[in-house]
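For this chain, numbers begin at 1 and follow the sequence in order. Computed from a predicted model, the values in this text were never measured in an experiment.
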Amino acid sequence: MSKHIFVTGGVVSALGKGITAASLGRLLKARGYKVMMQKADPYLNVDPGTMSPFQHGEVFVTDDGKETDLDLGHYERFINESLNADSNFTSGLIYQTLISRERAGDFLGGTVQVIPHVTNEIKARFAAAEETGADVVITEIGGTVGDIEGQPFIEAMRQFRKEKGPGETIAIHVSLVPYIAAAHEIKTKPTQHSVKELRSMGIQPEIIVCRSDHEMEPAVRAKLAGFCDVDESCVFQNLDCPSIYDVPRHLADQGFDRKVCELLGLEPRMRDMSPWYSFTGALHEANALSDITRIGVVGKYTQLPDAYLSVIEALHHSGVYYGRHVEVELVDGENLDPSQVGEVLGRYDGILVPGGFGIRGIEGKIAAAGYARTRKVPYLGVCLGMQVAVAEFARSVCGMEGATSTEFEPSCTYPVIDLMPEQRGIADKGATMRLGAYPCVLEEGTLAAEAYGCTRISERHRHRYEFNNDYREALEGAGLKVSGTSPDGSLVEVVELAEEDHPWFVATQAHPEFKSRPNEPAPLFREFVRAAIARHEGRNRRDLHVVGVPVLSDAGVGPEKVES
């Protein structure tokens with residue numbers, strides 16, 4: 001039977017509940033426990049798939065094709081586990097499920113209500129996570145305590161905790177403890193009110209995690225403990241850290257995970273965080289270097305870096321892998337004038353065009369791919385980044401003037417990117433999406449096969465339009481190498497340029513960034529960064545070797561060893 005940990009947030013949003021939850025997951029895994037994580041979001045969208053990245057950042061995708069909140073990316077990177085569709089659900093999904101059942105007559109004419117029907121459906125999602133065989137399930141409740149849309153989730157949490165009984169669940173409340181500069185004081189009142197709100201709904205948190213940018217004195221912790229009715233040993237501080245990857249250590253140094261084990265009756269096995277600390281040590285050593293390799297990410301949601309969160313993290317993982325300081329800069333494709341592209345992109349050692357939907361900024365992205373190709377700057381195209389690379393090659397090398405995707409110009413003369421024939425005319429756009437993990441066969445001797453070290457791979461996808469096979473022969477004949485396809489050869493997954501023509505130019509229809517881990521960077525990102533570093537240092541890419549960051553251990557030390 002799984003133990004359950006619920007993480008709520010108070011006072012304001014964006015406090016880092018997800019990072020706190022993910023850090024706890026990492027620490028418990030380092031003690032040898034199997035951890036499952038999930039995110040419950042109170043908003044009414046069925047999932048984040050149709051939401052603008054300006055609203056909630058990137059849409060993360062699981063192996064089984066679930067479009068989820070970006071916090072699941074943090075979870076996967078921290079606990080080194082691939083999550084699934086049960087790991088993220090929203091109010092919209094809950095209501096959609098219930099309304100479908102009501103229309104089908106499942107409730108036998110009864111009145112469908114928030115209590116018990118909505119709360120029962122939420123509790124069923126909490127319980128479903130136990131089917132993974134996890135020792136501990138960590139559930140983050142999105143939003144802020146007191147939000148009206150979050151009340152059914154809090155009530156479901158209350159009921160679930162009561163049904164499970166003492167010692168089977170704990171509630172962790174992450175709250176803001178602001179520092180008032182004019183008064184030179186840390187103020188506990190916002191957290192007191194937030195916990196009061198939570199208690200009014202029947203939840204007494206066992207642990208309070210205080211988010212602050214100033215160190216809390218013991219007297220402040222004692223005051224919070226007294227007013228919030230928790231043990232002083234259960235008040236922890238989560239200070240701003242240089243990197244999110246430092247948070248597990250910061251919490252571990254305060255005994256956070258040991259206290260959680262104590263409250264849940266879990267054996268306090270020895271914790272082995274050495275591979276993680278090796279990574280964070282290498283991260284800080286790399287970032288301290290004055291010599292910087294710069295990567296330009298040409299997108300359209302550049303005002304909000306979280307829109308490209310997994311891309312940015314995968315690039316940073318790769319920089320640490322080679323012991324180099326890699327700096328990622330976002331370039332607005334909409335403002336990238338093709339006639340001045342060199343002035344903007346000339347300072348970068350590598351150029352990456354990420355995924356996206358819609359025509360805005362597309363010509364700037366095509367120009368970026370062309371600049372990288374003609375100036376021999378290492379290039380990585382991800383999803384849409386592959387499509388613009390194909391369009392640019394068709395225009396500039398094959399003479400297909402105006403070649404583009406039918407997503408942007410349905411009646412274009414050269415639709416080198418198009419819907420598959422069987423998808424054309426389908427009104428339901430969701431039905432034409434390719435979501436989740438798909439297999440790919442790589443051609444031996446290609447840059448892609450070299451990166452992966454094998455010829456059969458699987459990567460996650462999130463797109464609708466595909467490489468148009470009607471133009472494959474012409475493009476390949478002009479020098480665009482199709483280096484990866486679906487197993488039956490019908491879908492082009494990876495294209496590249498030959499090494500004699502370009503030092504490193506690879507584009508994939510997939511989103512490999514979703515599977516990148518701190519100690520195991522996504523292979524295409526890793527090799528792209530390797531090529532960018534080599535260009536920056538004026539050396540051969542193959543002469544650049546890995547620093548040797550240990551792979552994450554998920555086995556822990558084992559139950560036979562217990563902390564003293």
Side-chain angles (χ1 to χ4, degrees), residues 3-21 23-24 27 40 42 138-148 150-151 153-162 164-180 183-240 247 250-266:
K3 304 281 188 174
H4 286 260
I5 300 170
F6 293 95
V7 180
T8 59
V11 184
V12 295
S13 60
L15 282 178
K17 296 191 306 295
I19 297 299
T20 301
S23 297
L24 177 57
L27 292 169
I138 302 175
T139 302
E140 177 191 350
I141 307 296
T144 305
V145 168
D147 293 345
I148 191 168
Q151 289 181 7
F153 288 87
I154 300 298
E155 171 59 19
M157 172 184 162
R158 184 195 67 77
Q159 294 178 19
F160 190 84
R161 277 163 54 86
K162 183 178 180 181
K164 282 288 183 180
E168 296 301 310
T169 73
I170 63 169
I172 298 173
H173 190 57
V174 182
S175 183
L176 179 68
V177 181
Y179 176 79
I180 307 301
H184 304 286
E185 281 186 297
I186 287 178
K187 293 296 184 181
T188 64
K189 191 64 71 177
T191 294
Q192 292 179 44
H193 280 291
S194 182
V195 172
K196 181 181 178 181
E197 180 78 23
L198 194 56
R199 294 175 72 184
S200 74
M201 292 185 277
I203 303 292
Q204 169 61 57
E206 282 81 10
I207 290 176
I208 296 175
V209 175
C210 304
R211 285 287 288 117
S212 177
D213 56 3
H214 278 68
E215 188 75 39
M216 287 170 49
E217 297 293 332
V220 176
R221 298 166 84 112
K223 181 179 180 181
L224 265 174
F227 278 101
C228 297
D229 198 22
V230 300
D231 290 339
E232 193 172 334
S233 63
C234 292
V235 178
F236 296 91
Q237 185 170 18
N238 192 354
L239 287 167
D240 294 345
V247 176
H250 176 57
L251 293 173
D253 288 346
Q254 300 174 67
F256 182 54
D257 53 320
R258 181 175 177 81
K259 176 56 71 173
V260 167
C261 288
E262 176 188 319
L263 292 170
L264 287 174
L266 295 172

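When the side-chain hydrogen bond (donor to acceptor under 3.5 Å, both in side chains) test is applied to K3, the partners found at least two apart in sequence or on another chain are E168. The side chain to side chain contact (heavy atoms under 4.5 Å, CB included) check on T188 picks up Q192, V220, K223, L224, with sequence neighbours excluded. With sequence neighbours left out, the side-chain hydrogen bond (donor to acceptor under 3.5 Å, both in side chains) criterion links Q151 to no other residue. Legend: residues meeting side chain to side chain contact (heavy atoms under 4.5 Å, CB included) with A225, ordered by chain and number and at least two apart, are V230, E232, V235. By the ring-ring contact (aromatic ring centres under 6.0 Å, His included) test, H4 is found to be paired with F160, residues two or more places apart in sequence or in another chain being considered. For S233, the side chain to side chain contact (heavy atoms under 4.5 Å, CB included) partners are D231, K259, not counting sequence neighbours. K162 pairs by the salt bridge (Lys or Arg N to Asp or Glu O under 4.0 Å) definition with nothing, not counting sequence neighbours. F256 meets the ring-ring contact (aromatic ring centres under 6.0 Å, His included) test with F236; sequence neighbours excluded. The side chain to side chain contact (heavy atoms under 4.5 Å, CB included) test applied to A183 returns I180, E185, not counting sequence neighbours.
Remark: side-chain polar atoms of Q237 are paired, donor with acceptor, to backbone N or O of M216 under 3.5 angstrom. Put simply, the side chain of T144 never gets that close to the backbone of G10: no donor and acceptor are under 3.5 Å apart.
What you find for G143 and P42 is that their closest heavy atoms are N-CD, 4.3 Å. When every heavy atom of L27 is checked against every heavy atom of A252, the shortest pair comes out as CD2-CB, 3.7 Å. Between L251 and S23, the shortest heavy-atom contact is CD1-CB, 4.1 Å. In plain terms, the two heavy atoms of T191 and L176 that are nearest each other are OG1-O, 2.8 Å.
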Side-chain donor-acceptor distances from residues 205-213 under 3.5 Å, at least two apart:
unit_1: E206; atom_1: OE1; unit_2: R161; atom_2: NH1; d: 3.4
unit_1: E206; atom_1: OE1; unit_2: A171; atom_2: N; d: 2.7
unit_1: E206; atom_1: OE2; unit_2: R161; atom_2: NH2; d: 3.1
unit_1: R211; atom_1: NE; unit_2: L15; atom_2: O; d: 2.6
unit_1: R211; atom_1: NH1; unit_2: N238; atom_2: O; d: 2.7
unit_1: R211; atom_1: NH1; unit_2: D240; atom_2: OD1; d: 3.1
unit_1: R211; atom_1: NH2; unit_2: D240; atom_2: OD1; d: 3.1
unit_1: S212; atom_1: OG; unit_2: V177; atom_2: O; d: 3.2
unit_1: S212; atom_1: OG; unit_2: H214; atom_2: N; d: 3.0
unit_1: S212; atom_1: OG; unit_2: H214; atom_2: O; d: 3.1

Side-chain donor/acceptor pairs under 3.5 Å, residues 197-204, sequence neighbours excluded:
unit_1: R199; atom_1: NE; unit_2: Q204; atom_2: OE1; d: 2.8
unit_1: S200; atom_1: OG; unit_2: E197; atom_2: O; d: 2.6
unit_1: Q204; atom_1: NE2; unit_2: C228; atom_2: O; d: 3.1
unit_1: Q204; atom_1: NE2; unit_2: D229; atom_2: O; d: 3.4

Derivation and outcome, side chain to side chain contact (heavy atoms under 4.5 Å, CB included), residues K187 and Y179
CA-CA 6 Å; K187 293 296 184 181; Y179 176 79; over 6 Å; no

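When side chains are defined from C-beta on, V11 counts as touching S194, because their heavy atoms get closer than 4.5 Å. The shortest side-chain heavy-atom distance between E140 and F6 does not fall under the 4.5 Å cut-off.
Note that CD1 of I5 and CG of L263 are 9.5 Å apart. Values are rounded to the nearest 0.5 Å. Interatomic distance, CD1 of I138 versus CD1 of I170, reported as 9.0 Å (0.5 Å rounding). In this structure, the separation between CE on M157 and OG1 on T8 is 5.5 Å, given to the nearest 0.5 Å. Going from atom OG1 of T20 over to atom NE2 of H250 covers 9.5 Å, rounded to the nearest 0.5 Å.
Listed by first and then second residue, the ring pair (Phe, Tyr, Trp, His ring centres under 6.0 Å) pairs involving residues 185-207 amount to none (not counting sequence neighbours).
Within 6.0 Å of NZ on K196 lie no more than 12 heavy atoms contributed by other residues, nucleotides or ligands.
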